[in-house]
Amino acid sequence: MPLVSFAPPSLFITLKSLLDRLLPSLPSTVRDVDVPLLFRERFIQSGYRPVGLPWRCYALSLFQIHNETMNAWSHLLAAGILGFRLQGPEGQGFSVDVSSLPLVLYVFSAVTYLSCSAAAHLFQSHSEEAHYSLFFLDYVGMAVYQYGCALALYLYSSDINWTQSMLGQVFLPAAALLAWFSCTTCCYAKLHFRRPYPLCRRLCQVVPLGVAYLVDISPVAHRLITQRWTSNPALPLHVLQMVLFPISALFFSCPIPECFSPGSFDTLGHSHQLFHILLSLCTLVQQEALFEDFLWRRPALVRQFGEERLLLACISFPCQTLCCTMTALSMRRRVQDQLMKEQR
């Protein structure tokens, strides 16, 4: 009786060999003492990825458990949901015209900041230069979102009395300047201060962001003060967004809960993960509110602002993005020069 061979076919062996080369096994995570000080976080003692691995290892680490996994996935999932919802707040999609262009720019800005943040947390462990460059990119995405948000709130969520006020008249230039200033101060704080970070570093980040948020949300705050919250389905969503944002800012500013039990929240539950999750929810809620405002305001939008003014407002978006990008590139050049001096 002939023997039956269970040897795998040569094609299977070839494919397996190819996959082994393309998808290498990832090294285990390491403790904080095994990575340079730049890559460590306070009270997070384990779950770090080794520095200096090939880029593809960090890309594949998206499917590995480490202390940045949740940071990447929370924002990637939120970006996917935002992009999917752009298929149409009316349920059947919508054509891009002058009245819907600010909404498209808002969703683009939100997807940009979420994607930049996910990329920064996923790839920053590659090297010192990558760490700085990617977080500068993260700050650009943050500033782009700030102005995209301000633009949409100004056009869709403000009322006539507010737009004719002194703040309403200077709102968009002020929002653009504050978004750029937030990007600049965050880049400067990242470049200038070294671990262990002093309190002034956090203040350099939080204070400009807080001021920008208060200005950006002022059209909605005016509506909430002057109108009944039940008069429009968007207003309760705006309230929820305004509740979620300061809570997320609290977790961004304070290492809670890991400060109470160092090492217990290394891979799940530390403050930056909670910040990411709450900020993602905040963005999703805000988009739903803006969709409602868009449907409510769209018929009269062109009549109220005029086509030329709407187009000019939308053109300011790529201009502001370019300014923030040039600032980040300038900071990156300073990092490269600094690293070259340290290597000599």
Side-chain angles (χ1 to χ4, degrees), residues 78-79 81-90 94-114 141-160 162-163 167-180 182 209 212-224 232-242 244-245 279-307 309-321 324:
I81 294 171
L82 286 166
F84 178 78
R85 285 290 286 125
L86 189 58
Q87 293 182 6
E90 295 157 309
F94 63 95
S95 57
V96 178
D97 54 23
V98 68
S99 63
S100 62
L101 183 57
L103 182 63
V104 174
L105 291 176
Y106 166 78
V107 177
F108 172 79
S109 70
V111 171
T112 297
Y113 105 80
L114 290 166
M142 172 200 65
V144 168
Y145 173 67
Q146 281 184 24
Y147 189 60
C149 175
L151 186 64
L153 291 174
Y154 175 76
L155 296 174
Y156 298 135
S157 303
S158 62
D159 59 32
I160 295 176
W162 181 87
T163 56
L167 178 57
Q169 296 292 325
V170 300
F171 177 77
L172 286 181
L177 181 61
L178 285 171
W180 170 81
S182 298
L209 290 172
Y213 176 76
L214 291 176
V215 172
D216 291 349
I217 209 68
S218 58
V220 174
H222 181 268
R223 278 177 67 193
L224 293 173
N232 187 291
L235 291 180
L237 293 171
H238 282 302
V239 172
L240 179 57
Q241 183 270 331
M242 293 174 70
L244 288 171
F245 184 82
L279 193 61
S280 296
L281 290 174
C282 182
T283 305
L284 292 172
V285 169
Q286 185 178 62
Q287 179 176 259
E288 293 302 316
L290 283 170
F291 277 171
E292 294 291 343
D293 283 337
F294 166 74
L295 296 175
W296 166 63
R297 183 60 62 83
R298 186 178 192 180
L301 192 66
V302 176
R303 185 171 64 252
Q304 178 181 343
F305 291 101
E307 251 188 62
R309 189 176 175 186
L310 285 172
L311 288 174
L312 184 62
C314 293
I315 289 173
S316 66
F317 178 84
C319 295
Q320 191 269 349
T321 301
C324 292

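All values derive from a computational prediction rather than experimental measurement.
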| message | Show, in sequence, the C-alpha distance, side-chain angles and deciding distance for Arg298 and Asp97, and conclude whether the side-chain contact (heavy atoms from CB on, under 4.5 Å) test is met. | response | CA-CA 11 Å; Arg298 186 178 192 180; Asp97 54 23; 3.1 Å; yes
| request: Apply side chain to side chain donor-acceptor pair (under 3.5 Å) to the pair Thr283 and Tyr113, showing each step before the final yes or no. | output: CA-CA 11 Å; Thr283 305; Tyr113 105 80; 2.7 Å; yes
| task | Give the C-alpha distance, both sets of side-chain angles, the deciding distance and a yes or no for side-chain contact (heavy atoms from CB on, under 4.5 Å) between Leu279 and Phe245. | result | CA-CA 7 Å; Leu279 193 61; Phe245 184 82; 4.2 Å; yes
| request: Go through the steps for Tyr213 and Met242 under the test side-chain contact (heavy atoms from CB on, under 4.5 Å), then give the verdict. | output: CA-CA 10 Å; Tyr213 176 76; Met242 293 174 70; 3.7 Å; yes
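One finds a salt bridge joining Arg223 and Asp293 here, because a Lys/Arg side-chain nitrogen approaches an Asp/Glu carboxylate oxygen to under 4.0 Å.
Looking at every heavy atom in both residues, Ser158 comes nearest to Pro219 through CB-CB, 3.8 Å. In plain terms, the two heavy atoms of Gln320 and Ala179 that are nearest each other are NE2-CB, 3.1 Å. Of all the heavy atoms in Leu167 and Ser218, the pair that sits closest is CD2-OG, 3.5 Å. In terms of heavy-atom proximity, Leu82 sits nearest to Val107 at O-CG1, 3.7 Å. The two atoms that bring Val220 and Ser157 nearest to each other are CG2-CB, 4.0 Å, heavy atoms only. Contact between Leu237 and Val285 at its shortest, heavy atoms only, is O-CG1, 3.2 Å.
Once rounded to the nearest 0.5 Å, the distance linking OG1 of Thr112 with OH of Tyr145 reads 12.0 Å. Taking CG of Leu214 as the reference point, atom CG of Leu178 lies at 10.0 Å (rounded to 0.5 Å). We find the CG-SG distance between Leu240 and Cys282 to be 8.0 Å, quoted to the nearest 0.5 Å. In this structure, SG on Cys324 lies 8.5 Å from CD on Gln146, to the nearest 0.5 angstrom. How far CD of Glu292 is from CD of Gln287: 11.5 Å, rounded to the nearest 0.5 Å. In this structure, the separation between CD on Gln304 and OG1 on Thr163 is 5.5 Å, given to the nearest 0.5 Å.
The shortest side-chain heavy-atom distance between Trp296 and Pro233 does not fall under the 4.5 Å cut-off. Taking the side chain as every heavy atom from C-beta outward, Tyr147 and Leu172 approach each other to under 4.5 Å. A 4.5 Å side-chain heavy-atom check between Pro102 and Cys314 finds at least one atom pair inside the cut-off.
Using modelled atom types, one side-chain atom of Tyr156 and one backbone atom of Leu103 make a donor-acceptor pair closer than 3.5 Å. Of the possible polar contacts, none joining the Arg297 side chain to the Ser99 backbone as a donor-acceptor pair under 3.5 Å is found.
Between Phe171 and Tyr154, the ring planes are parallel. Angles under 30° get that label, and only those over 60° would be called perpendicular.
Checked options Leu101, Leu290, Leu155; the residue passing with Tyr106 is Leu290 (criterion: side chain to side chain contact (heavy atoms under 4.5 Å, CB included)).
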